[in-house]
Each structure stands twice: as structure tokens, then as C-alpha cells.
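Order of the sequence lines sets the chain letters (A, B, ...), proteins ahead of strands, with each chain counted from 1.
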Amino acid sequence: VGCSSDDAGTKPNEGDGSGSGEPEAVEGGKVTLGMHSTPENQFNPIFYTSSYDANILNFTHESLMTQDEDFQYQPELAKDWEFSEDKREITFSLRDDVKWHDGEPFTADDVVFTYEMLADPGYVGAGGVRTTFVNKLQGYEEYAGGEADTFAGVEKVDDLTVKFVFGEPSVKALSEVNFSIIPKHVFEDVAIGDMPEHEGSIRAGEVIGTGPFKLTDMIENEQYVLEANKDYWKGAPKLDSVVWRVVDQSVAAGMLEQGELDFFPEMFPPDDAEDMEGKEGFEVFSQPKFGYQYLGMKVNYGPDEDLNDLANTDLWKPNPKLENKEFRQAIMHAIDRQSLIDGFLRGYGSIIDAPFPPASWAYNPDEINGLEYNLEKAKSLLEKNGYVDTNGDGYVEDPDGNELTLNLHYPLGNKVRERSAPVIVEQLKEAGIRIELKTPMETAPYFTWISEKNSDEELDLFLAGWSLGSGDPDPSTIHQGKGTMNYSRFYDEAQDKLLEEALDPEKAWDNLEYRTEKYTAWAQMFSDNAYATPLYIDDEIHVYTSRLKGIVFKPFSYSADSHEWYLTKQ
Amino acid sequence: MFKYIIRRLLQFIPLVLIVTMIVFLFAYLAPGDALSGEMLDPNIDPEVYEEQRAALGLNDPVYVQYWNWLKRAAVGDFGMSLNFKGRSVSDLIMQRFDNTLYLAMFSLVVTLVVSIPIGMYSARHKNSLLDYSGTTFAFLGLATPNFFAALLGIYVFSFGLGWLPTQGSVSSTGLSGLDEFLSRIHHLVLPGITLGLAGTASYMRYMRSEMLDVLGSDYIRTARAKGLGEKTVLYKHTLRNAIIPIVTLLGIEFGTLLGGAVITEAVFNYPGLGTLFLSSVQNRDYPVLMAINLIAAVSILIGNLLADISYAAIDPRIRLN
Amino acid sequence: MTNKVLVEANQLKMYFPIKSGIIKRTVGHVKAVDDVSLKVYEGESLGIVGESGSGKSTLGRMLLRLLEPTSGEVFFDGDNLSALPKRQVRPYRRDMQMVFQDPYASLNPRMSIGDLLEEPMLVHQTVRDRGERRRKAEELLEIVGLPMQSYNKYPHEFSGGQRQRVGIARALSTNPRFIIGDEPVSALDVSIQSQVLNLMKDLQKQFHLTYVFIAHDLSVVKHISDRVAVMYLGRVVEIARKKDMYHKPLHPYSEALIGAVPSTDVTKKRKRVVLEGELPSPASPPKGCAFRTRCPHAHARCKEERPEMVEVNPEHFAACHLYTNEDGSLKRGVGVV
Amino acid sequence: MTAPLLKLQDVKTYFHSKDRIAKAVDGVSFEVNEGEVVALVGESGSGKSMTSLSIMGLVDAKSKELTGSIQLSGVELTDLSERQLSRIRGQQMAMIFQEPMTSLNPVYTIGNQIIETLRKHKKISKMEARSRAMELLQLVGFSRPEESLKSYPHELSGGMRQRVMIAISMSCNPQLLIADEPTTALDVTIQQQILDLMLKVKDELNTAILLITHDLGVVAETAERVLVMYGGQIVEEAPVYDLFINPLHPYTQGLLKSMPKMEEDKERLEAIKGMVPAAHKFPAGCRFAPRCQMATETCHHTTPELVQASPTRAVRCLLYKNASLEADPGRLKGGVEV
Amino acid sequence: MQPQRTEQPAVPLSFEAEEKSLSPTHLAWQRFRKNKLALIGVCFLVFITIVAVFADVIATHDPTASQLAKIEAKPDSENLLGTDSSGRDNFSRLVHGSRVSLTIGFFAMLCTVIIGGALGSLAGFYGGKIDGLIMRFVDVVLIFPFLLLFLTIVAILQDITIPIFIMVIALTSWPVMCRVLRGKFMGIREQEYILSARSIGCSDWRIIRKHFLPNAVGPIIVAATLLMASLIVAESALSFIGFGIPQPTPTWGNMLTEAQSIRILRNNPEAWMPPGLCILLTVLSINFIGDGLRDAFDSKS
Ligand SMILES: Nc1ncnc2c1ncn2[C@@H]1O[C@H](COP(=O)(O)OP(=O)(O)OP(=O)(O)O)[C@@H](O)[C@H]1O
Ligand SMILES: Nc1ncnc2c1ncn2[C@@H]1O[C@H](COP(=O)(O)OP(=O)(O)OP(=O)(O)O)[C@@H](O)[C@H]1O
Ligand SMILES: [Mg+2]
Ligand SMILES: [Mg+2]
Ligand code: NI
């Protein structure tokens, strides 16, 4: 697929047209990119976990399909595909001109191998987390459980044809199988347990993909050198190399100005972005991220011991403080979300009215209400439900007249989220709700804690974020009663039903309108039930030197056509 | 002298053992199995869970666990990192250890090269301009938080003047020989100086007061009475005596540097043990945490040992007892 | 001076362990005091002289049970102090006191003279009334010749001699019967030293005190003592009445020691025994007679056998093989002059 | 008689501090001849050490003020630069200090410390210096000088260190040796050895010794001439025999009487009351007057001068100014050379 | 028996009768008063303490309240020092921060002194085995760098609040104090006046109380002040890496952390300069006071 800024990016590279005349392109050249945390140095797509490793993998590995700015799937390693009648099978025909970085041809064997590995009985034990890409496929349970010798879910038809077989028809089928392919010839003799430590997963020069760049050198934790793959099937990249450097967010602006960095994608701090926008020689591009931040409420605790029975709502215990729906709504109305965006995000963000990214087709804000900031309404809801300040301390007591304090937990790591926590406390104070702000925890232990500390009454409110990736907007994982990330432990039959309906293959197949309708109805119920408040979507901010051209920004990716990137003279 | 070193080495062993015990205890207290880095999935079948625990030796008596861990630690096997999937702790540490070592060494050298001459000069020329400036610098150095000095340094020398790099340990890959060395030094200047700031300040003061003490001592009066020139008195008789107490401090300073490295490395994104430690704290990567603690403690012990040996080398009184 | 024994030391030994190695093993002992027996009669003053490190202070401290002896006993007024548990020794402290060498270090710099003088009365509850205590303290000041205003002052405001007076007053404050002076004048200048010596002599008479007076200055000891004991390497080598000791020392060491004192008598030039070498280390004293390494009269027997203390002349004891035969009996003709 | 080796004239060493002047040495004049042993006695704080340090040019304080004239072999020391002085120190005049324990540099072998002095002042090779150092050690009574050269100060006892100090000070055959209380820290038996050694060395090398001490016994046995210091001044000067037989100054008399003596038995000592005044608050008039039993009213107002009582004796006391020595012979008992 | 005067006439004392006699503490104070730097230090510290005490009166803004409309605002009449990146009033945070920073510094120091002091004096007083045991313990703790130890404990505890922060500081930094006190006690133990007290029959407790402590108090205070200074610096450093007192509690360290961003460093000096200066000046003052006290207590000078 020939890609130019015209047919791909929603927002074409602004540098293109500006200035007097087109600056002259230079041959080759090196582009230095900045990221602010160290990768974990795991460059095997089936094992990496950190998004910083993904920064590198994005240049080196490819999947069967790619998505356009409308999230529609477009061919990549697969030329095209077709569904079977019963919608349970997809057959991909692969390109024949793709070569791995080491010159080996890319074939159906690689695809099958990749998915077999994902379903391997030892995969989870070796630290793999990406079973969602295989667990809907036919025969997964048997294969992963070690009962079957072959994986029925993926099948090589011929050297350039692969067939995926689902257990049930799924409307999300394409997104559920679209995963980076790893080379069989490198890993076939490696036991799955040893794969994460294998050279091909960690060593520069040994990491083999099909992408436009190959990882040739690195100083771990500092620099990752990606050199052009001259044999790239879309054509040799225009740049000679792309170098990732790990730099602190706080000095990113300075380093760009110093010319030490050319491009700081996605994570450029919003505070500095304003400054950079005015600067000559730099381009700032921002768009909403593909995820959102929310304030969760622990509506139910439980299950006490056995996390296996997460979905067994009978084992749940209601959190008495948050049982009242209108009280929860009052909390929702008391939060001035726009002020968070204007303040902490410097406007680089937007509020959302439904738990979908605005760029997604599922997002239909006009139809949904009940999330607006309305202090009066919050107060009247409180009063109506008997939450009044009886002892004159400025805070409401619960209907029984007991003092009411909710505690709010939040994780460290995301500066804006950290800063918004105390503001939420204040805003709720305005409404008369007393919040006790708890000591923040580091991200990783925090999420373990909020999902596990279920029997403990010390958790009422929590801040969290949710990222959808570029996949299907289906929110089941976090919002369905049995969802693994349903930290709120909220369950409502009617609401859950809508989610199920939205995925009903009968009606939803290739019918985005139908799904939009269902999701809109669901979103309304979501906001009525008020067990979580979507706070804002922050923008991803990209800052790069004006000399760098050819970047295509999709709502979820900036590196899609990196082989087209080029530099111009000053 | 040789006997002294042997004796010190023998004393070293029980201390290392105690240190390992403490680290083991910490790891034992920490959630999960911080010793092997195996995180057991608590969601699995309790029977299987128990089996796995038993297989990992988690049900053994504490001392057996300690012994097994010690045996593994002795050959550098600290288990797997929880955070860095598929990486062994020793691998992670090896990767960064040399960087921190360079940083600590560089800053130690800067500290000594700056503080000793200035301290000496200040003592010789009490109340001179340089003495006052030195004292002022020392006071300021002790009162300025390390990270703040680092930030100011970046602001002025990297972004203001553009002289020094702010991030990382080397400018690019593929360098070798002299180029690499120079690039590394270039990258060490700012972190090294900020890391050594507090040390420099306090050593300067130490040196000054030690020099003053020694200059007022009887044997210096003797040296003068013998008609020795000022230079001999100063460099031969005073310096060596004044430096003795400083040398003993060096062992401790080594520890301070390792601790300070956590902050300095964080500011400069310097890929050393400090940043690894910090990220391990943030991610509760206990196996890495414990291993770094152990390494730091052992490094300090070695530092102390070296300090003691050099102490003995310059102070003949030590060798007797 | 009566013949009543007030303090008696019986085979006192004090071995300080020398520790070394990783686990601080005891590798040897400093025999600071090695088998010393002596009697102090009520009302007398016994001088103890010897070179630095010969164990004088250690002996003095053991007599007061400020140090636990390695072995041996101390009797005070007939009571065996060594047999008493530590707590029960405290009441005895009223009767026995000490004056220290360094007037600058022996008074707590943070207590006023009044506090210092009253502390013993407080500790022993001898004077319970506050006013009474103050009166007593002022009386003590008067006794040692310090002005009343000193009561509120602090040690740093006094000169060495004055401090030593405070130290003496403090020692007197419990009305003791026995005082040990551990080189109480050696840190003082001659002119001040004589003031303090006079004072101590006066007080002895006035309060019928018994003194053990430790000094390394033989002329001072001679001035103040009735009897003198000479110590060498943790042992008493000679003990005699002052006159006997100074006019006819028996032990070669005493002889040398006395001879070594520079004389102010410019009219006569004396002939002296000058000792070779220095005091051996008390950690490894020579076998046999400890003094033999420096003794001009050392002979074969001195190497082998440790001399016992014998009464060579009445009330004149010495531990030297010059005066005994192989069987331990007194040599003929060496004794009575 | 030839010109004196050392000649001090009206030497004053004052220390200035914010609110006071400490007159540590206040107008001291005396002479030391070649090969002579002169003792400087006085109580603690009387300025003995300051006098000696002033001679050596080693008074080491920013706030000091040194006036008067100090001549060594006719060379005016006060005019010399530090560099010139350092050539004289150790070479022509040497000094031994009171504290043998701290006077040697603990980190160098004694051989090193002796050789360094030799090499500084004499242009000789290392080997020569070494053998000379061994000779010196032999001279001061080390039986195995070869080994002793290699030992460190802490391995030696006090007496041995003091001997090393003597060896160092004698290494360049100085004409003048200043010994500042060289034996006070030592035991009597050792003291005797050290004093004998000093005298022996003196006889061999014909060195003049300025012996500073507060021990009158030492003075009587070692010195030929005595200077008595009190309050930063010399109050009496006399040949040793005369001084002990017939002290003139009431202070000297008091000192002698307050000493317990081996030769005589006294029930009581006669003490001088009070104590030495501090250097920054000397009383007006005669500095000894407040403690003097013979002090008259005038003594408290009039400052006495050092008067030459006889060719060899001088005294600073009004008793001898008002009434000349001859006029009141009754006061002076015994053999004064008049 | 009437005490009779000795024949020796009373010695005229060197001081006049009416001259007021000064205790060593008084003298130390007099020497301290002559130390200009230390006095300036005291003045500044008193000033800061007053500010801390009256923080509510001086700064009327809520130091934790964000004004979202005014983020990183330049100073104006309402926000005298502008606002920080959370829109909180810098001036108010500075003023209230003094309270938190000083309290933390002080209590952390106090706890350290109590733990280290108690163990140190035990070791110094009894010596021998107890001393050996305590000192080995100290050695072992000191083998771990302060920051690593601190962070490890925090990682295990998983929670930081002010009391925990203070306790962990005390747990990790007591050995220093312990050594100071032990050294001092050891020194005092060798003094003759302790022997003198023993010979008089004082109990151990009285000896500690009357003879050890008053003489050790000077060095304790000196060490404690210097410790407090370094703890204030340590607090800010810990804030910087995110292990200090959690936001939004205002501490100087938390404020200074804002300067992490080069932009604020460059554009908003009014945001980081005041807390930076406050830390600097406070630490300097405390150090000056410490030095002054050392000189004052050390009567040799
Ligand atoms: N606490 C101790 N531990 C070990 N050795 C000790 C101790 N106290 C004294 N000694 C040793 O015991 C010996 C005798 O010491 P002591 O103080 O009794 O001598 P002294 O005769 O009083 O000497 P001086 O005249 O110097 O006071 C010395 O060698 C000394 O080093
Ligand atoms: N640097 C100084 N500043 C002020 N006064 C000083 C200084 N050095 C010495 N003094 C004073 O000078 C006086 C004489 O001191 P010096 O040391 O000469 O006495 P000394 O006779 O040697 O006494 P000692 O027998 O104690 O050695 C003393 O009162 C002392 O306080
Ligand atoms: Mg003694
Ligand atoms: Mg002197
Ligand atoms: Ni981050």
C-alpha cells in the first residue's frame, strides 16, 4: 500500500505546506526519537509488556493487518482475507514479497507458529500475557491445557494462506487475531520457557521482524539504534536510521531545542507543549489518546478469598457508603472535569461523556447526558437522599446521621492524574462530601491492590485509566460484571445485557450502526448508574523538528509509515 | 602489612554474612517470593499453589531457605526480576554496575582533587579570600539538595551554555577506544560533580580543620625547629598526617556516593544501579532491590576495607593493633 | 599513729586482659598489680612511689574498690570489702575518699562548687537539710582556705591549686577516715604544691585522717609520709618507715630511685646509681625478679626465683635476693645496722 | 671573654587579642656564652617557653608582636626572613620540646626524621646521612642503631623518643641547644639518663644549652648559670651555686623554701601564697608584690628594674634598689661574691 | 569540734567578689553570642519558626487548594509568588511548607536522637560487651547506604505518611547519632570526675544523670542540629524521587521538586527560588548554629 500523507493521516504533516517553497529533502539521515522511560528490553512481541518496548517493536514487527484512521482493517502482511459463511473462519492470503530481516521469506508457517506459541501450554508460565489473541479460537482450551497436540484455531492452508477458526462467531474477530508475527525459523527450536531470554528476543542484531527498520545496536536503557531495512517490502526507508533515546520528560523540550532530539512522540509533557508551539522550527501535533481516565467507585467488595470467582456476584458485599445511586450521581455532578483539562492539561485534552474514545465510532456524545458538572444538582441530590450536614462541619453526614468520609486512592506515575486527585477532593468538598486522600502508590502495586483489596473497607474511590489500544471499543473487560478489570465490582443485569447484545454476531456483524446504538444506550445506563466517572481524555502530544517530514498520524499510531519519513535541509 | 590485610579480610567475612542475613530478612519480609523472583499466581488451585511453594522451597525452615539462597547468591544468582520479564537479576545488575562504578569513581576523584588542595590552602591561609570562598562554598554545598544542584547544572551548562550533555552515559553507540572514553567522561562531568558536591564540601572542611590541627601539633613545631623549609613541612609532614582521618572517611563516602547515585542518576537518566534501584522500588521489584542492597553493602564493605588498608599504609601506628 | 590496721590489702592482683583478633580473644594480661599485700595503720600516711605504669593508681583504686581486683582481698576496718556485693560497698565510701591527680579533670565542669561539695552528703544522706548542707559546704570551703563566694562558682573559675583544694574539700565532706591521694600535687607548680601539701598535712592532724599518698616525686612523698612503699612493675619491692627508706634503702631499685632525684644541694656532688634502660612492659614482665634487667646486682638466682617480701629490719621489708639465702632465710649481717 | 653566643636585649612577645594584650615575654635580656649551660626557671605561665620560641622564631600566631633584639653569633635573628631563619634553625640552634610523645612525626621512621635534618643542612648523600644518623643514635645510647633507624616513634618509649629528639637536635652540631622542659614528662630514673646524656653531648660538641625547667633540682645539678623568670620578666640571674646558697629575690627565696627537699626534714613547707598572674593582667608595680611577704606600699606602684647586684648577679626587686647590696649585707646570708 | 582555720591565709582569688560567676552553660552562651553567623542563623530560624507558627495568619490561601484557572501563574496581588503547576498558591505553600518541613526535620531529628542517643549512651556508659553488641549493630546498619535502606523499607511498607516517614528516617539514621554519643560518653567515662563520683558512692543512675548527661548535652545538641539540617535536605531529595511526603501536603522539598521541569526552572523562578532559598537558608542557619554551638561548648578556644 503506497502511503502518502494525503491518503492516510487524518491530520497531514503540517510541515509539508508551510514556509516558502518546499525545503529540499536530504538523502538518508538519522532521526533521534525520545521516550521517557526505559524499555524492559524484551523485544519479542509475544512477551513484551511495556509500551516502551513497543516503541521499538512498532518499527521492527508487523501484523497481518493494519488499521486506517477510521479503525477499519487494511491489508499489511496479508493481502486480503475472507470470512466463511458461518463467520467462524477467516482465511488470510499472505503477501509473497515479504522477507524477514535476515532474508528468510515470510510464510504461513510463521503465522501459525506465532499463534501456536501464544496458545502454548507454557506460554503463560513463561510470562506471556497476550492470550486474548488466541483464547477465542477453536481448541484453545484443549491446546493450552496440554490435552491437544495441535492447535485447531489456526491452520496453514498453503505456504501463503492461513485460516483462523473461532469457537463462536465474533464481531471483533479481526481485532482479536491481529497480532505481530514472529519468525518461526528463529524460534522453532526454542522451548517456550526459554524464549524470553533467547537472543532473538533481547539482543540487538538478533531481533528479527519484517518491519521497515531493524534493531541493530543498543546501549541498554539508553539508546536503541534502528537501521533501515533496505529490503523492506514497501520499499527501502528514506531514512538511514532511527535512534530511540531514553530521556527524562522534563528535559525533552530542552533537548529538542538543542537538536539532541528530533522527535518526541506521544508523551511530550503538555506543560511544555504550549511553549513549543510558538517555537520556530518545531511542529506540535496533538490528538486525543486512545484511552481515558476515570474515577472509579468501589460499589461492591469481594469476593473475599477466591479471585477465581470474580464474577460470582453472590460473593460480593456492597460497600454501604456507595450503595445509593443518586449519591454516586451527586459525586459525578460535583466534579468539574473541564477545569482539570484547562488547568492540568493546558487544554490538551477533552472531556468525554461516554467511556469511549471520541475518535471511535462507538462514541456518540449527543445522545448521552448525566455527566455534566452541576454543583447545584449534586447538592440537591444529596439533600434529597438525606445527606445533610447535621453537625455543621461543612460536610454532609450520611442519612443515618453518621459522619461520612470516603477515601480516595490514586497511583503515582501519571503527573496529571496525580495532580488531579487533590483537586477532586476539593471539588467534592464544595458539594459537602468529605474525601480523605490516601498516600499514592506506585502504579504496578496500586492496580494489584485495587483489584485485590476487595474485602477491605478502606477503598471507596480510586483513580484509574483505561486504554483501548486500537482495537474494538467493546468495554466489557472493565465494565461488565465479570470483567477482569471491573475494579468497581458493579453489576447490573440490564446494562450487561446491552454489552452482550452489541456483540451478538447475528445482529452486529458488519453493522456498526447497530452496535453504536447499543453502546449509546449502554453509555446512558453507565452514566445513570454512576459507578465510574470518565474524567477526561488527555491528548498525546508529538513534538518534532520541522525538518522531519512524512509522518502520518493516525489516532493510535504515528509510526505506521515510518519508511516514508525523511529529513529536509535546514 | 600483609598480615594486617589478611586479618582485615578475615574480619570481613562475618560482616558479609551478617549483611546477607539482613538482606535475606528484608526479602523474607517483603511480599511475594523476593528471593527467587517467582511470583506465584494466588488464583490457582490451592493444592497446586502449595505444591509450587514446596517446589520453590518456600515451606522450608527459614535457615534452610537462607542457606539455599546464600549458595545461589554466592555464585551471583539472585533469581529473576519481577519487573523485567525474563531477565535475571544478576544480568540486570551487571548491565549497569560498571556505569555506577564509573560515576562513583569519577565523583570521588573530583571530590578529592578539589577538596584536598583547597582545604590545605584554606588552612595555610586562614581568613584569606580563598579560605572564605571555600568555606562559603562548603556551607552552600552542604545546604543545597543534590538534585537541585543537578537541575541548576543542567539549566546552566547544558541548556544555557550547551557545553555538557544532560542524559545518558555515552553519546552514541558504536564508539570505541578513546572516543568512547571521552564521550563517557563528557557525560560524567555533570552527574559526577553534582554527586560529589556534598562530599567535596564536607571534605574541604575536614581537610581544613585537620590541617589546622596538624599544623598546631608538636611535631610540626619540631619540623620547623629542625629548620625544614615550609614546603617540606607542609607536604611531607603535614599533609600525610592530615590525610589520615580523611582516608578513613573514604570508606563511608563510598556508601554515600552509592546512595546519592539514586538521585543523581535519576536526574540525568544515567543508566546505573541508582536508576535501576529506583525503578525497582517503584515497581516493587524486590529481587532486584535486595540484590542491589547486597551489592551496595558489599561494595561499602570493600570500600571500608580499602580505606582501612590505605589507612594502614599511611599510618604506621595502625599495623600494630 | 596507732597500731590499729585500718586498711589491709591481701595478695591483691589486677590483671587487665589484652584482647586482640577478630573475636577479641584474650591474648595476654597486663599485670598492673601483681600480688600486693600491705597494711595501712590508722592515722598514718603511707606513701607509694614508683615509676609511671608501675601500678600505683591501680592499687589505689582497688583499695577503694573502684576497680574489682582480679583476686585478693581488701579489708577496711576489719570488714572484708571484697566479699561485699557492689551495692553494699557504698556506705563504706563515706569513710574512704580519694583526691585525684588532675585538678582540671577531676571536677565535673558543669557543677558548681556548692553542688560538688554537697553531692557526697546528698548521696549518703548524711545531711538532709538543705540549709544545713550549705552551711557544711561553706565550712568545708573555709577549712581548705577558699573564700565563701566560691560556693556559687564553677571549677573553670579556679586555678589548679584552688581546684585541688576543692577536690580535698569534696573528699572531706563525708568526714572520711581514710583518704587516698593519687598524685594530688604532681600537676601543680612548686609554690602551689607546697600550699596543698601543707593543707593536707594540717587536715590530717585536724581530722585524724589516714592517708595513702601516691606520688612519683620522692621528695614530696618523703615530706608527707610516715612510711613509704616502693612499687616496681606491679609489685611492692620495699616498704619501710620513711627514715629507713630514705637513709638506707635496701632494694637496689629504691636506692636508684632515691639516688636519681636531683638534689638542690649545690654544695655536695653525690654519687648515683644510674639505672640502665627503662621499665619493661607489664604485659611481659621478666621472669624471676622483675627488676633484674636493670639491676646492677642481678645474679643467677634473680633470673629464676621471684623474691619474696621479707622483713630485713624491723618494719623494713624488701623483696630482693640480696637479703635472703636460697632457703628463704635472712642473710646474716645484712639486716640490723 | 669573647662575644656571647646568644644575646637577647629587651625582647618582648605580646599577643594581641580583641580586648587584651597578653605580655607573655616582657622585656627579657640575657646572654648565653659558648658551651655554657644556662637554666631558665619559673613557674608555669611565667613565659619560659615563649622566650625560647621567640629565640627560635617559632612563635606561631597571627596576633603576635615581637620586639627587641635577638642575636645569635652576632646575627640579628629578628631581621631574618623565614627562609633565612630556617637555615639557622637546626643548624646553629636546635630545640628539644617537653612532650616526647608528640614531638616526633608519627608517620615517619625516626631514621627518616634524622636524615631529613642532616640532608637539609648539610650537602651530603643519603648514604652518608644514614651512617651519620646511626652514629648519632649510638651517641644517644641506642644499642642497635641500624634497627632503630627503621622504627616508628610509636614503637619507642618516652625516654627513647626524647633521646631521638636529642639526636636530631645534635645532628648538625648546633652552637646552641634550647631544651624546653625536656624531662618533665619522664620518670625520675629516665630523667636522670636524659640529663646526663645532654651534658655528655654538650661536652663532646661544646654546645651551649639553654635549659628550661621548673624543677630546681634539675637546675642545681645541671646548670652553670640560672635565670629566674616571673610574669614574663627575668627577676633574678645568678651562677647556680650563688642562687641556691643565697637567693636574692623574694620569689626565688620562696621557691626554694617551698620545695620539699630530700636532704632535710621539715614539718611544714613555707609556701608562696597566691599564684602566678595571667599574662594579660599583670599587677601594676612589681609583678610579684601581691604574693611577696616583704612587699611594701611602694612595691605596688613602682616597677622595679633589673639591677646588677654583682658582676655575675642581677635581681629585679626594689629591696635592692633602695638599699644597695653593700648597704644591707645583713639581708644577704653567706657567700655572695661582692 | 569547731573547725579551725588553717594557718594558711585565704588565697586571694583571681576574681573580684562581686563579679558574677558564670556556669559553663552561661559561658558557652556568651561565646555563642559573639558568633555573628550563628546569631544570624538564630534570627533566621526564629523568623522561620514564627512564620511556621503563624502560617495560617500570614498566608490565607489554602496551600493545598488548586485554582485550576491559574496554573503556573505569574505573581500578582493575590498569589504573591504565583501558583505552581497544580494551581496552588506558592506563597501559601511556602509559608505552610515551613511548618511541615521544620516539623519533619525536628521530629525526625528528635526520634533519631532518642533512638541513637539511648543506644549510644548505653554503649558508652557500660562499654564492654554491651558496647560491642551495639556498635556491631551500628556497623551493620551503616553498611547500607541511607537512601537505599530508606527506600527499601518504604518499598516493603508500601505506604508513606508523615509519622512513617519520620520513623523510617529515625530507623535509618540513628547510627550516626549513636556513634556521636558513644564517643562522647566514652570520653567522659575516662574523665577523673566520673571516677570521683564513683568514689563518692554515686549510683549509676545518678552518675548518668548528673555527670554524663550535662557534659554530653553540648555535643548532643551540636550533632542534633547538624543532623536536623541534613534531614531537611534529605526530605527534599526524597520528595524529588517521589518518596517524600506525598502531595498535596506542602513541604519545601515538594515545592522545589517543581523545578524538575526545565521550563519552570527557566520561566518561573518565583516558584522554585523561594523554597530553594528557604531550604538553603534554613540549613545554613542550622549549620551556623551548630558550628556556633560547637565552638561555644568546646571551651578550648
Ligand atoms: N583499664 C585498664 N586497662 C588495661 N590496662 C590498664 C588499665 N588501667 C591501667 N592499665 C595498665 O596498668 C599498668 C599500671 O597502670 P597505673 O595507672 O596503675 O600506673 P601508675 O603507676 O599509676 O602510673 P602513672 O604514674 O603514670 O599514673 C599500666 O601499664 C597501664 O597501662
Ligand atoms: N598565642 C597566645 N596568645 C595569648 N597568650 C599566650 C599565647 N601563648 C602563650 N600565651 C601566654 O603567655 C604566657 C607565657 O606562656 P609560656 O608558655 O611561655 O609559659 P611557660 O613558662 O612555658 O609555662 P609552662 O611551664 O606551663 O610551660 C602564658 O600566660 C600564656 O597564657
Ligand atoms: Mg597513676
Ligand atoms: Mg612551657
Ligand atoms: Ni512517566
Side-chain angles (χ1 to χ4, degrees), chain C residues 24 61 64 66 87 89-94 96-112 115-116 119-120 122-124 139-140 142-147 149-150 152-159 161-162 165 167 170-171 173-174 180 182 195 198-199 202-203 206-207, chain E residues 1-28 128-129 131-133 135-136 187-207 209-218 297-300:
Chain C
K24 296 270 172 279
R61 283 168 200 191
L64 290 191
L66 289 170
R87 298 188 122 266
V89 180
R90 267 202 243 149
Y92 285 91
R93 302 229 177 276
R94 281 173 59 179
M96 36 193 224
Q97 286 294 332
M98 191 148 181
V99 178
F100 295 89
Q101 168 171 14
D102 186 349
Y104 291 87
S106 58
L107 300 177
N108 184 343
R110 299 205 174 259
M111 285 169 88
S112 71
D115 289 343
L116 282 167
E119 185 173 35
L122 252 170
V123 169
H124 293 288
E139 201 177 291
L140 283 167
E142 201 177 347
I143 291 170
V144 297
L146 290 172
Q149 307 95 295
S150 313
N152 282 323
K153 299 201 178 282
Y154 285 86
H156 66 88
E157 292 166 281
F158 293 84
S159 69
Q162 290 166 336
R165 284 168 194 266
R170 181 164 150 102
S173 63
T174 52
I180 292 186
D182 189 356
Q195 295 169 8
N198 282 343
L199 172 66
D202 294 340
L203 293 173
Q206 197 178 341
F207 299 110
Chain E
M1 177 180 75
Q2 271 298 321
Q4 67 185 74
R5 281 194 73 135
T6 51
E7 288 163 51
Q8 193 66 41
V11 199
L13 287 172
S14 59
F15 46 75
E16 291 87 56
E18 64 269 32
E19 193 180 326
K20 205 167 150 6
S21 112
L22 291 168
S23 72
T25 323
H26 261 104
L27 270 182
K129 288 224 172 63
D131 174 50
L133 204 71
M135 289 333 279
R136 287 300 80 72
I188 295 176
R189 218 158 71 107
E190 298 303 313
Q191 296 289 316
E192 269 186 347
Y193 60 81
I194 296 300
L195 198 62
S196 160
R198 288 226 160 87
S199 77
I200 265 164
C202 296
S203 61
D204 281 1
W205 173 232
R206 185 180 170 89
I207 291 178
R209 204 163 35 97
K210 279 280 179 185
H211 299 272
F212 273 90
L213 282 181
N215 285 291
V217 84
F297 283 120
D298 192 4
S299 50
K300 269 176 235 125

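From E/Phe212, atom CZ reaches atom CG of C/Asn108 across 10.5 Å, with rounding to the nearest 0.5 Å. Rounding to the nearest 0.5 Å places CZ of C/Arg61 at 11.0 Å from CZ of E/Arg198. Expressed to the nearest 0.5 Å, how far OG of E/Ser196 lies from CG of C/Leu116 amounts to 7.5 Å.
Only the backbone of C/Met96 comes within contact range of chain E, judged by heavy atoms closer than 4.5 Å. Contacts between E/Arg206 and chain C at a heavy-atom distance below 4.5 Å involve the side chain alone, from C-beta outward. Heavy atoms of C/Gln97 lying under 4.5 Å from chain E belong exclusively to its side chain. C/Leu122 touches chain E through its side chain: at least one heavy atom from C-beta onward sits under 4.5 Å away, while N, CA, C and O do not. Interface remark: E/Ile194 contributes no atoms to any contact with chain C (heavy atom separation under 4.5 Å).
Heavy-atom minimum distance, E/Leu195 versus C/Phe100: CD2-CE2, 3.4 Å. Scanning both residues, C/Arg110 and E/Pro214, for their nearest heavy atoms gives CD-O, 2.9 Å. When all heavy atoms are compared, the tightest approach of C/Val123 to E/Gly201 is CG1-O, 3.2 Å. Taking every heavy atom of both residues into account, E/Asn215 and C/Pro109 meet most closely at OD1-CG, 3.3 Å. Listed here is the closest heavy atom pair of C/Ala105 and E/Gln191: CB-OE1, 3.6 Å.
Of the residues considered (C/Val99, C/Leu107, C/Leu64), C/Leu107 shows the highest number of contacts with chain E, using heavy-atom pairs under 4.5 Å.
In this structure, C/Met111 and E/His211 have side chains that are in contact, with non-hydrogen atoms separated by less than 4.5 Å.
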